Amino acid sequence: MKIQFQKLKNSLLLFLPLLFMFAFLGCDKMDVKETYTLKIPIYKKLGEVRKMDIIMSSAQQVQNAGKIYLYKDHLFINEPNIGIHIYDNSNPASPKSLGMLPIIGNFDLGIQNDLLYADNIVDLLTFDISNLSKPVLVDRQKDVFAIKYKLGEIERYELLDTDLIPVSYRDSLINSEYKDKYTPKEPELIYLENYSALNNSGGGTNQVGQAGSTARFAISNNVLFAIYLNKVKNFDLNNPRSPKLMNEVDLGFGIETLFPYKKSLFVGAFNGMHILDITNPYQPKHMTTYAHVVACDPVVVNDSYAFVTLRTGTTCGGVQNILEVVDITNLNSPKQVKVYPMQNPHGLSLAGDYLYVSEGDFGLKSFKVNDVNAIDKNMVQHLDKIKSTDIIAGPKSLIVMGNETICQFDYSNKANLKQLSCITIGKSK
């Protein structure tokens, strides 16, 4: 009995150090505080931002795609608040990144005759891109874009040169106990509404690029139309290196997209579609408004019909996921033709008798729309594996933007889209 007890005692002595070690490890684990990575804003005065040189930087991966734009053989990808990535897209199967044009507070772009127009916080910039390896800033129109914002506790619509703007962010590791206590040293600029963007259609012999269906500016007949709060303003581009503000049309709250077609400008709004007569583009006139349920609504049109998507899950308050077809043969009296249920439609694009619809997380759908009363019976293809939010039906490829990729497809055979390439968006990793 004594021998057995001694053996047990010796065994315990051997294991005690291990027990103490595990005990202390456990205590250490309990004492370690969880850490968080916090984005701390780095500020500059607006006046300093305006003096910064904007020079093409080396190629970078797109981290967050905002808008896509096609001009000649080049693809432009806006990264919101960061700048514009530029790709040589002469071969859609192998787009090559040329670099990035860093523009703080940039959300949209438009191009006509080798001049790129882009927003820079509240200013409109004009770049000469005849040499895309070295874009040159040739003009700055100050304060032409209104941004409702909050600076500290103050809300206003004008920024001063002395106002501090968050131009970038740095990562900082902090312990969990400080997570809720951290506040930036400077008042953070919070964008509540942004009304700047550029679109696609042109007139005459001008070379104008193509944008997606969610653009807020439109270039047509040598005039740049721009949504500004509840108004559509127009800028004369006869002196293209220095756009001149002409006048405006007040359409009320909630206007959000522009689509020019021939002598008309279609304006998507939260609660309907406005139609402007731009026969004289310097004096646009409101013709009529087609009302629908409240929702975000990109619009594309052809000679006879407007195609509108409405969806749920947005800040616009949508309660339906539908594709709406509107007869516009009489522009003064548009009439609903048909409504088709969808899954979660976003942007859309027309190419002849074919309509391409981005269904968000539910993929990309294509329809033959020569018979608008039977669109649901004429779905051509559904690619349910690709997430899509906007589309450009370009001359060489169908460009499909989603939250994870920007892919291009050969759509010469409308019933069998063939993937050519995909650009990965960094945040999807």
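Everything numeric here is computed off the predicted structure, so don't read it as measured data. All heavy atoms count here, side chains included; hydrogens, waters and symmetry mates do not.
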>> T257 vs V267, test: side-chain contact (heavy atoms from CB on, under 4.5 Å). Steps then yes/no.
In response: CA-CA 6 Å; T257 64; V267 185; over 6 Å; no

> Passes side-chain contact (heavy atoms from CB on, under 4.5 Å), V337 versus V326? Steps please.
Replying inline: CA-CA 5 Å; V337 175; V326 182; over 6 Å; no

Are more than 12 heavy atoms, taken from residues, nucleotides or ligands other than [X], located less than 6.0 Å from that residue's [atom1] atom?
| X | atom1 | answer |
| --- | --- | --- |
| K418 | NZ | no |
| K231 | NZ | yes |
| K414 | NZ | yes |

Euclidean distance, [Y] [atom2] relative to [X] [atom1], rounded to 0.5 Å:
| X | Y | atom1 | atom2 | value |
| --- | --- | --- | --- | --- |
| Q283 | L276 | CD | CG | 12.5 Å |
| M342 | E359 | CE | CD | 4.0 Å |
| I68 | I77 | CD1 | CD1 | 8.0 Å |
| I399 | I392 | CD1 | CD1 | 5.0 Å |
| S213 | F259 | OG | CZ | 8.5 Å |
| I54 | L125 | CD1 | CG | 5.0 Å |

Side-chain donor-acceptor contact under 3.5 Å, [X] with [Y]:
| X | Y | value |
| --- | --- | --- |
| Y71 | D114 | yes |
| D163 | Y43 | no |
| H85 | E79 | yes |
| N238 | N222 | yes |
| Q381 | Y411 | no |
| N89 | Q408 | yes |
| E324 | Q336 | yes |
| D371 | N378 | no |
| Q60 | S97 | no |
| N106 | N81 | no |
| H346 | T389 | no |

>> Does T288 form a side-chain hydrogen bond (donor to acceptor under 3.5 Å, both in side chains) with N332? I'd like the steps, not just the answer.
In response: CA-CA 6 Å; T288 188; N332 289 294; over 6 Å; no

Taking every non-hydrogen atom, the tightest pair across [X] and [Y]:
| X | Y | value |
| --- | --- | --- |
| P92 | P95 | O-CD, 3.5 Å |
| L355 | L348 | CD1-CD1, 3.9 Å |
| V300 | S349 | CG1-CA, 4.5 Å |
| A93 | S421 | O-CB, 3.4 Å |
| I328 | P334 | CG2-CB, 4.3 Å |
| P345 | L310 | CG-O, 3.4 Å |

Taking [X] for the side chain and [Y] for the main chain, is one N or O donor matched with an acceptor at less than 3.5 Å?
| X | Y | result |
| --- | --- | --- |
| Y87 | G99 | no |
| D410 | S397 | no |
| S220 | P260 | no |
| Y340 | I322 | no |
| H74 | F76 | no |
| D119 | D108 | yes |
| N221 | V223 | no |
| D88 | S90 | yes |
| H382 | F362 | yes |

Any non-hydrogen side-chain atom of [X] less than 4.5 Å from a side-chain atom of [Y]?
| X | Y | value |
| --- | --- | --- |
| I111 | Y117 | no |
| I86 | M56 | yes |
| V369 | Y354 | no |
| T405 | I423 | no |
| Q61 | T424 | yes |
| L245 | V144 | no |
| L137 | T126 | no |
| I103 | F127 | yes |

Quick test of your reading of the model: are [X] and [Y] salt-bridged, counting only N-O distances below 4.0 Å?
| X | Y | result |
| --- | --- | --- |
| R50 | D123 | yes |
| K67 | D390 | no |
| D376 | K338 | no |
| K262 | D303 | yes |
| K396 | D73 | yes |

>> Let's go through I278 and N234 carefully: what are the C-alpha distance in whole Å and the side-chain angles of both, what is the deciding distance for side-chain contact (heavy atoms from CB on, under 4.5 Å) to 0.1 Å, and is it a yes or a no?
In response: CA-CA 11 Å; I278 55 172; N234 68 75; over 6 Å; no

>> Between K365 and D384, is the salt bridge (Lys or Arg N to Asp or Glu O under 4.0 Å) condition met? List the steps.
In response: CA-CA 8 Å; K365 292 178 180 175; D384 59 358; over 6 Å; no

>> I want to know whether F253 and F270 have ring centres closer than 6.0 Å.
In response: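 Centroid distance F253-F270: below 6.0 Å, so yes.
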
>> Please evaluate residues D361 and N344 with respect to the criterion side-chain contact (heavy atoms from CB on, under 4.5 Å), reporting the C-alpha separation (whole Å), side-chain torsions for both, the decisive distance (0.1 Å), and the verdict.
In response: CA-CA 8 Å; D361 290 344; N344 192 228; over 6 Å; no

> Can you list the steps and then say if D250 with N230 is a side-chain hydrogen bond (donor to acceptor under 3.5 Å, both in side chains)?
Replying inline: CA-CA 6 Å; D250 191 335; N230 57 331; 3.0 Å; yes

